Number of protein chains: 2
Amino acid sequence: MESEEARPRRRQARGERRMSEILDAAAAVFAEQGYEKTTTNAIAAAAGISPGSLYQFFRSKEAVAQALADRFTAQMRDAHGEAFAPADLAARDLDDLIDRVVDPLVAFNVANPGFKALFARPDMPPGLATAAGPIQSALLGRVEAILTVRAPRLSSSERTRSARVLVQIFQAMTPVVVAAAEEEREAEVRELKKVLRGYLAPLDG
Amino acid sequence: MESEEARPRRRQARGERRMSEILDAAAAVFAEQGYEKTTTNAIAAAAGISPGSLYQFFRSKEAVAQALADRFTAQMRDAHGEAFAPADLAARDLDDLIDRVVDPLVAFNVANPGFKALFARPDMPPGLATAAGPIQSALLGRVEAILTVRAPRLSSSERTRSARVLVQIFQAMTPVVVAAAEEEREAEVRELKKVLRGYLAPLDG
DNA sequence: TGAGAATACGAGCAACAACTCGTATTCGCA
DNA sequence: TGCGAATACGAGTTGTTGCTCGTATTCTCA
């Protein structure tokens, strides 16, 4: 069989820039329309180029989404790093812990509204779920690690399940936070934290 | 302008049955493929009829979805009735209250896996969100009513927000419950209840 | 029982989306 | 400065989808 990334074709700086512009445009259109409804022509138009030019850089619509997913994944990894960076995280006060984990993740989602549009929607090719897999696992792993310290009485499977629930809560409420008007956002974040706290408190200590 | 439901055309019993069969098929296909990806021909095939016959009963793909939404709405109304029926709901023990509200709603969603596929997906025509609107408002209203009794100290706007959060939690976790294997489902429901309880407890009393 | 309405069919139409291709322009570099 | 590669174009090809239409069959009821 052939390699997937057979010959990544030599590119000029101009081309790299174009690719980035196309991904910017794609993020915006995907965010607004969803994956299925966005046309490659619409992405090209938003990027200010012709349909043919888009295919100079990406083999297919899915390839565009894939590249965008990769880019988001990298940024998300940074956001996770920041969120889980403090070494003494697990030893902190519960409210403080939640603040320090949630705030950077919320900030990332607010800054990248296209992210959820790509990953949280059920209407995309399975390949993209695959792309989101590693980052999702990493997030779960980090939460589990914290639970291992904060809730030592949980069995391994309970811990896994609880981590999943926590991540699920976060992901369910994030769209509302992102969509909220500037002046409402803080209140929404407070609710999100209340929910996490309410679930975590009984497990804690 | 013409009326939307101009002449609802006289139907034979056979026709009524066909319509119902088409909706059954549509529910199955929508549930599996999502709204955008399901083709009207696929619905017709699943119903064992020709594409033309489908259009004898429904003017468009959206009309099929609309009719299906109406049918779900009616069933959902019943489920809500059951969930919120006991007159002394608001006066019960918190765990008991949660059980009595959550269990029937979960049962409904498990019995109708197509429901979420239609309403919880972001890829459908705005008309359907409209169809879901009344039932959603009713649910929010019921939850608010309970909060009025259980958490009298909340301001009106806080109450509204809290109700929204509760409904949101439920809707976010329901897909996991529905998708879970039979033997895992109870555990998932327990987690759902834990989350609700954790959020409600501080508001209570 | 027979006429008209309802139901059923399925090939095919119009619209649209992903993608191609021949050609023209711009860039990197010797 | 000039040549090959990269970039850019956009009309057109191919395939699919929602939906139509002419026609055939079945049902209802006087």
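Computed from a predicted model, the values in this text were never measured in an experiment.
For A:Glu16, there are no salt bridge (charged side-chain N to carboxylate O under 4.0 Å, His left out) partners two or more places apart in sequence or in a different chain. Annotation: salt bridge (charged side-chain N to carboxylate O under 4.0 Å, His left out) contacts of A:Glu186 (sequence neighbours excluded): A:Arg190. Qualifying salt bridge (charged side-chain N to carboxylate O under 4.0 Å, His left out) partners for A:Glu144, counting only residues two or more places apart in sequence or in other chains: none. With sequence neighbours excluded, no residue forms a side chain to side chain donor-acceptor pair (under 3.5 Å) with B:Ser60. When the ring-ring contact (aromatic ring centres under 6.0 Å, His included) test is applied to A:Phe108, the partners found at least two apart in sequence or on another chain are A:Phe115. Residues that satisfy the salt bridge (charged side-chain N to carboxylate O under 4.0 Å, His left out) test with B:Glu158, not counting sequence neighbours, are absent from this structure.
Within the structure, side chain to side chain donor-acceptor pair (under 3.5 Å) contacts touching residues 111-120 of chain A (residues at least two apart or in different chains) do not occur. For residues 97-115 of chain A, every residue pair satisfying the salt bridge (charged side-chain N to carboxylate O under 4.0 Å, His left out) rule, not counting sequence neighbours, is listed here: A:Asp96-A:Arg100, A:Asp99-A:Lys193, A:Asp103-A:Lys193.
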Taking only distance into account, with no hydrogens and no angle test, what donor-acceptor pairs under 3.5 Å do side-chain atoms of residues 66-75 of chain A form with protein atoms, sequence neighbours excluded?
from	atom 1	to	atom 2	distance (Å)
A:Gln66	NE2	A:Asp70	OD1	3.4
A:Arg71	NH1	A:Asp24	OD1	3.0
A:Arg71	NH2	A:Ser20	O	3.3
A:Arg71	NH2	A:Ser20	OG	3.2
A:Arg71	NH2	A:Asp24	OD1	2.8
A:Thr73	OG1	A:Ala69	O	2.7

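Inter-axis angle, ends of the helix from C:dT1-D:dA30 to C:dA30-D:dT1, five pairs per end, rounded to 10 degrees: 10°.
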Kindly give the atom pairs (protein nitrogen or oxygen, nucleotide nitrogen or oxygen) under 3.5 Å for nucleotides 15-23 of chain C.
from	atom 1	to	atom 2	distance (Å)
C:dA18	OP1	A:Thr38	O	3.3
C:dA18	OP1	A:Lys61	NZ	3.2
C:dA18	OP2	A:Thr40	N	2.8
C:dA18	OP2	A:Thr40	OG1	3.3
C:dC19	OP2	A:Tyr55	OH	2.9
C:dC19	OP2	A:Lys61	N	2.7

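Against DNA chain C, the stretch residues 14-24 of chain B makes heavy-atom approaches under 4.0 Å through B:Arg14, B:Gly15, B:Arg18.
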